[in-house]
Amino acid sequence: MFGPGVYRPDPTEGITAIADLPPPEIVPYSRNDKRHPCPRCGHSAYRDKQLQRTLHDLGNLDLWCPRDLVVTYAQHYCTQCRKYFQRSDKKLRTIQVPTFQFSQ
């Protein structure tokens, strides 16, 4: 049994080819509500679109493999404000996909 302070060997140590790494564990995560209140006026807005995004996690230490978090989320349209919005989720904001800036 492993505990604090006990060395746990990494089975992927020494692998140099990316193809030899274990496949990622796919974890579905849904934030796909049919209706959500508008943040501006509070009107109950219907779902307009379903979108999907994949977030890459470093791994699951129990299985020694990377994890892909597949997030399905909804874009809503408020008929009162005539604006599109997405549900604000603090958990998704903490695990953002890094953005890159390109220079000319």
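What you find for Cys41 and Gln80 is that their closest heavy atoms are SG-CB, 3.9 Å. Nearest heavy-atom pair across Gly42 and Pro37 is O-CB, 4.0 Å. In terms of heavy-atom proximity, Leu55 sits nearest to Arg53 at CD2-NE, 3.6 Å. Between His76 and Ala45, the closest heavy-atom pair is ND1-O, 3.6 Å. Gln75 approaches Tyr84 most closely through the heavy-atom pair NE2-CB, 3.6 Å.
To the nearest 0.5 Å, atom NZ of residue Lys83 and atom OH of residue Tyr77 are 9.0 Å apart. One distance of note links CG of Asp48 with CZ of Phe85; it measures 10.5 Å at 0.5 Å rounding.
Residue-environment remark: CZ (Arg35) exceeds the threshold of 12 foreign heavy atoms within 6.0 Å.
Judged by distance alone, the side chains of Asp68 and His56 do bring a donor and an acceptor atom under 3.5 Å apart.
Put simply, Leu51 and Tyr46 are part of two different groups of oily side chains (I, L, V, M, F, W, Y) that touch within less than 4.5 Å, one to the next.
Taking the centre and axis of the six-membered ring of Tyr73, the NZ or CZ atom of Arg31 falls outside the cone set by 45° and 6.0 Å.
Residues forming a side chain to side chain donor-acceptor pair (under 3.5 Å) with Arg47 (at least two apart in sequence, or on another chain): Asn32. Here Gln50 pairs with nothing under the side chain to side chain donor-acceptor pair (under 3.5 Å) rule; sequence neighbours left out.
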(request) Test Ile26 against Val70 for side chain to side chain contact (heavy atoms under 4.5 Å, CB included), laying out the working first. (result) CA-CA 7 Å; Ile26 307 295; Val70 180; 3.8 Å; yes
